Protein chains: 2
Amino acid sequence: MGFLPDLGSELSNFPLKIVKQGLNIWSLKAKITLKDIARELEVSISTVSKALKNSEEISRDTKEKVQAFAKLYNYKPNNIAISLKNKRTKNIGVVIPDIVHHFFTTVIRGIEKYANARGYNVIVCLSEESFDKEVINMEMLANGSIDGFIMSLSSQTQEKGDYNHLKEVTEQGIPVVLFDRITHEVECDKVIIDDELGAYQATNKFISQGKKRIALITTDDYLSVSKARTKGYWKALQDSELEADESMILKMPSMEMDEEAIKNFLNTKNPDAVLCVNEIFAVYSMRLVQQKGLRIPEDIAFIGFTDGVLSKYANPSLTVVAQHGEKMGEVSAQMLIDKVESEAEEETYQTRILEPTLVIRDSIAH
Amino acid sequence: MGFLPDLGSELSNFPLKIVKQGLNIWSLKAKITLKDIARELEVSISTVSKALKNSEEISRDTKEKVQAFAKLYNYKPNNIAISLKNKRTKNIGVVIPDIVHHFFTTVIRGIEKYANARGYNVIVCLSEESFDKEVINMEMLANGSIDGFIMSLSSQTQEKGDYNHLKEVTEQGIPVVLFDRITHEVECDKVIIDDELGAYQATNKFISQGKKRIALITTDDYLSVSKARTKGYWKALQDSELEADESMILKMPSMEMDEEAIKNFLNTKNPDAVLCVNEIFAVYSMRLVQQKGLRIPEDIAFIGFTDGVLSKYANPSLTVVAQHGEKMGEVSAQMLIDKVESEAEEETYQTRILEPTLVIRDSIAH
DNA sequence: TATGAACACGAAACCGTTTTCGTTGCCTTT
DNA sequence: AAAGGCAACGAAAACGGTTTCGTGTTCATA
């Protein structure tokens with residue numbers, strides 16, 4: 001504290017004066033404000049504000065005094081007041097269907113990392129795959145709480161095809177970045193991985209290894225990602241000499257796993273390779289065929305989507321199409337913050353397509 | 001709109017007047033404020049504010065006019081302004097070490113559900129097990145962004161034993177709820193599960209099944225949970241006729257898994273039962289012993305902690321001590337919000353201890 | 001000696017609400 | 001007719017900052 005000029009006497013009795021409205025006299029150190037500093041140092045609020053910002057307008061002496069005082073009493077500007085003034089909250093809203101899901105979790109981590117580095121906080125809201133919750137959450141946040149949205153659509157929203165809540169928000173000038181589960185009906189930035197390509201490559205992998213009866217276990221088509229993956233699978237088969245057979249595709253009606261359906265499917269179809277749109281379907285299927293005495297990958301091989309813990313620790317470990325959730329989060333956050341901070345009112349939106357990669361593990365030959 | 005009295009002419013030309021500072025004349029529907037309504041309806045801001053709150057002070061006529069107008073133009077109060085006025089943000093800050101971790105993920109979901117139901121939003125920050133990040137995140141949020149904290153300590157913080165950032169925050173009157181990874185050095189509400197009991201019961205389960213060489217794979221003691229679990233394990237052995245043997249405990253130095261260490265440990269110690277403080281250690285160990293040709297659970301049985309996807313889909317499925325993360329989240333949120341909203345300055349803090357339950361699966365006999 | 005920068009600081013508006021405390025005008029009462 | 005009461009509304013402060021635009025000194029210059 002060597003640079004506290006002649007403050008000695010003024011500082012000493014300060015604590016008494018500053019205790020606010022008499023509450024909690026004892027230990028509660030109330031937050032100090034510009035006003036408090038101004039009163040104690042007998043200068044104006046504007047001077048204090050400028051001094052703390054090292055403004056040229058203020059003399060060295062005053063600046064030192066103010067800064068020393070602020071440091072001593074641990075002054076920190078009130079975020080809310082700044083937000084109100086700047087109309088910038090430095091918060092970004094993330095609305096996702098589910099958080100107990102490895103993929104979304106990694107995306108959040110990516111968003112968090114990037115956003116934090118740029119001084120933003122992340123408000124997470126869960127739609128729980130429900131359209132109504134998605135709408136309510138967005139409305140709550142859209143009234144000043146956040147500077148922009150990063151979101152992945154709930155399955156119900158994609159099923160309904162109703163995107164008015166998104167349109168309203170963008171019309172208000174709030175930037176939106178959609179990732180993974182997107183729609184083309186809303187004009188905004190988007191980040192996806194090339195699901196079609198991922199499925200295509202995975203299926204080709206099977207083909208190149210001489211697999212003939214390649215099955216697909218997926219969910220209903222209203223989920224944009226499932227649709228794309230089915231397309232890639234289909235295309236790979238058509239590009240090959242194998243015949244694409246619709247009956248080799250099992251579509252689960254919901255996200256929940258119908259164990260019986262899978263069991264029947266595998267028993268009747270007897271595939272020698274199975275592509276699954278997530279880890280769970282794949283790991284569960286592997287257990288089923290192991291119980292039947294089949295060897296993996298010799299008799300039947302598996303590839304899943306999402307490179308989560310399950311894949312890594314399954315027995316045998318599961319080959320997957322990695323979606324790079326963390327990268328996706330980072331890219332989304334970057335696109336959003338760039339847009340938020342750009343003064344220009346560019347009406348240009350881009351869609352970034354990330355490349356999936358195949359993570360080879362023991363569920364296929366290698 | 002049957003109750004729009006004689007507004008016709010006034011409303012019709014409103015859109016032109018209200019466009020703000022000339023930006024984006026076309027489609028950007030700027031948010032409307034009390035001021036705008038007041039101007040257009042030629043009443044004062046106070047009147048508008050009161051009318052929208054259905055105040056007795058305002059005449060029926062005026063109230064109807066104002067409310068109809070507000071509805072028509074989709075008026076929504078600005079959260080930030082309200083926060084500044086009320087000194088309540090309706091945001092709660094959640095600081096956790098990691099989000100790509102099933103347990104924390106379920107806790108967040110619990111917090112989210114409960115908080116949302118009470119009109120709160122959740123700001124999530126990740127400490128990534130780093131002390132510094134924990135401090136920075138808390139400081140960012142403590143300046144007005146949130147009404148209270150829910151947190152679980154980073155391993156580095158627990159290792160260091162430095163809790164000044166927590167103390168500062170509580171001294172400022174910001175309520176804190178600590179869950180799972182807690183410390184007794186900070187006076188605040190806490191929620192934990194009875195880790196000691198969980199480990200005790202799990203170990204007893206092994207003993208009752210006639211297991212003799214019961215091992216424990218854990219992390220270093222600075223993690224409060226690991227310490228408690230080790231204690232429960234030890235106690236169960238001491239309460240039995242078996243001799244508790246320190247060499248049957250493997251302490252991993254970090255959260256990361258040292259595969260070699262586990263392999264050596266299992267090979268030299270030849271346990272017939274293993275208790276692991278998480279899923280990953282357990283699932284990985286199961287794979288190792290299966291490769292050696294041992295049968296689970298006949299030759300060697302396993303119990304882990306955390307009822308996540310891994311346990312459910314492992315082969316064989318893993319018996320675990322369930323931590324009820326979602327419940328923990330709900331309870332934490334409830335305690336925090338109750339404290340935030342209670343006017344009373346009670347200086348009474350409580351620690352809620354949740355009971356763990358054993359989820360029996362195929363990794364032990366049953 | 002009058003002029004005019006340059007310097008150092010303060011007043012006040014503003015962000016969008018809420019809320020207290022007037023201030024009208026009108027009606028009732030004696 | 002004066003007094004009082006009430007209904008209906010507005011002015012203004014407050015929340016905690018930022019920022020623009022003065023304004024009063026001081027000092028060098030013509």
Side-chain angles (χ1 to χ4, degrees), chain A residues 5 18 20-21 23 30-67 70 73-90 142-147 172-173, chain B residues 5 18 20-21 23 30-67 70 73-90 142-147 172-173:
Chain A
I18 210 177
K20 303 202 178 168
Q21 40 268 61
L23 303 165
K31 282 250 148 197
I32 192 181
T33 70
L34 285 188
K35 203 189 209 173
D36 297 323
I37 303 184
R39 179 167 23 80
E40 294 308 312
L41 259 37
E42 298 182 309
V43 292
S44 76
I45 295 183
S46 356
T47 302
V48 177
S49 176
K50 291 169 191 164
L52 290 176
K53 297 193 124 58
N54 244 315
S55 159
E56 298 291 326
E57 265 183 278
I58 308 298
S59 70
R60 251 182 75 95
D61 264 19
T62 311
K63 279 198 274 195
E64 280 176 356
K65 237 200 292 195
V66 171
Q67 288 170 5
Y73 285 94
N74 193 30
Y75 168 79
K76 293 279 163 53
N78 180 310
N79 290 333
I80 299 292
I82 293 181
S83 294
L84 183 58
K85 183 91 243 263
N86 301 349
K87 299 179 156 225
R88 283 279 169 80
T89 62
K90 289 250 174 188
N143 300 121
S145 299
I146 50 97
D147 296 339
Q172 280 172 28
Chain B
I18 211 178
K20 303 203 177 167
Q21 39 269 58
L23 305 165
K31 281 255 151 197
I32 192 181
T33 71
L34 287 188
K35 203 189 210 173
D36 296 322
I37 303 186
R39 179 167 23 78
E40 293 308 312
L41 259 35
E42 297 184 310
V43 292
S44 75
I45 295 182
S46 356
T47 302
V48 177
S49 176
K50 290 169 191 164
L52 290 175
K53 297 195 124 60
N54 244 316
S55 159
E56 298 292 325
E57 264 184 280
I58 307 298
S59 72
R60 252 182 75 94
D61 264 20
T62 310
K63 278 197 275 194
E64 280 177 356
K65 238 199 295 196
V66 172
Q67 288 171 7
Y73 285 94
N74 194 30
Y75 169 79
K76 293 277 163 52
N78 180 311
N79 291 333
I80 299 293
I82 293 181
S83 294
L84 182 58
K85 185 93 244 272
N86 302 348
K87 298 179 155 226
R88 283 278 168 80
T89 61
K90 289 249 174 188
N143 301 120
S145 299
I146 50 99
D147 295 341
Q172 280 173 27

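Order of the sequence lines fixes the chain letters, A, B, ..., with proteins taken first and strands second; residue numbering starts at 1 for each chain. Remember, it's a predicted structure, so these values are computed and weren't measured experimentally.
Shortest non-hydrogen contact noted between I80(B) and S83(A) is CG2-CB, 3.9 Å. Across I82(B) and P77(B), no two heavy atoms sit closer than the pair CD1-CB, 3.7 Å. What you find for Q172(B) and K31(A) is that their closest heavy atoms are OE1-CE, 2.9 Å.
The overall bend of the helix from dT1(C)-dA30(D) to dT30(C)-dA1(D), read as the angle between its terminal helix axes built from five base pairs each, is 80° when rounded to 10 degrees.
Residues passing the side chain to side chain contact (heavy atoms under 4.5 Å, CB included) test with K50(A), sequence neighbours excluded: S46(A), S55(A), E57(A), I58(A). With sequence neighbours left out, K53(B) forms a side-chain hydrogen bond (donor to acceptor under 3.5 Å, both in side chains) with no residue at all. With sequence neighbours excluded, the residues satisfying side chain to side chain contact (heavy atoms under 4.5 Å, CB included) with N79(A) are N143(B), S145(B). Among residues two or more places apart in sequence or in another chain, the side-chain hydrogen bond (donor to acceptor under 3.5 Å, both in side chains) test is passed with K35(A) by none. The side-chain hydrogen bond (donor to acceptor under 3.5 Å, both in side chains) test applied to T47(A) returns S44(A), not counting sequence neighbours. Judged as a side chain to side chain contact (heavy atoms under 4.5 Å, CB included), and not counting sequence neighbours, the contacts of L52(A) are L34(A), V48(A), V66(A), Q67(A), A70(A), Y75(A). Listed by chain and number, the residues in a side chain to side chain contact (heavy atoms under 4.5 Å, CB included) with I146(B) are N91(B), I123(B), L141(B), F149(B), I174(B) (sequence neighbours excluded). Remark: N78(A) engages no residue in a side-chain hydrogen bond (donor to acceptor under 3.5 Å, both in side chains) (not counting sequence neighbours).
The distance between atom NZ of K35(A) and atom P of dG17(D), rounded to the nearest whole Å, is 10 Å. Counting to the nearest Å, the P atom of dC15(C) and the CG atom of N143(A) are 18 Å from each other. Note: NZ (K53(A)) to C1' (dG16(D)) measures 12 Å, nearest angstrom. In this structure, K31(B) places its NZ atom 16 Å from C1' of dC15(C), rounding to the nearest Å. Between N86(B) atom CG and dG16(C) atom P there is a gap of 17 Å when expressed in whole angstrom units. Rounded to a whole Å, the CZ atom of R39(B) is 14 Å from the C1' atom of dG16(C). Rounded to whole Å, atom C1' of dA8(C) lies 11 Å from atom CG of D61(A). Taking atom CD1 on I37(B) and atom P on dT18(C), their separation rounds to 11 Å, with Å as the unit.
Using a 4.0 Å cut-off on heavy atoms, the residues of residues 75-83 of chain B that approach DNA chain C are Y75(B), K76(B), P77(B), N78(B), A81(B), I82(B), listed by number.
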Distances under 3.5 Å between protein N/O atoms and the N/O atoms of nucleotides 8-13 of chain D, please, pair by pair.
unit_1: dC9(D); atom_1: OP1; unit_2: T62(B); atom_2: OG1; d: 2.7
unit_1: dC9(D); atom_1: OP2; unit_2: S59(B); atom_2: N; d: 2.9
unit_1: dC9(D); atom_1: OP2; unit_2: S59(B); atom_2: OG; d: 3.1
unit_1: dC9(D); atom_1: OP2; unit_2: T62(B); atom_2: OG1; d: 3.2
unit_1: dC9(D); atom_1: N4; unit_2: E57(B); atom_2: OE2; d: 2.2
unit_1: dG10(D); atom_1: OP1; unit_2: S44(B); atom_2: N; d: 3.4
unit_1: dG10(D); atom_1: OP2; unit_2: S44(B); atom_2: N; d: 2.8
unit_1: dG10(D); atom_1: OP2; unit_2: S44(B); atom_2: OG; d: 2.9
unit_1: dG10(D); atom_1: OP2; unit_2: T47(B); atom_2: OG1; d: 2.2
unit_1: dG10(D); atom_1: O6; unit_2: K50(B); atom_2: NZ; d: 2.5
unit_1: dA11(D); atom_1: N7; unit_2: S46(B); atom_2: OG; d: 3.2
unit_1: dA11(D); atom_1: N6; unit_2: S46(B); atom_2: OG; d: 3.2

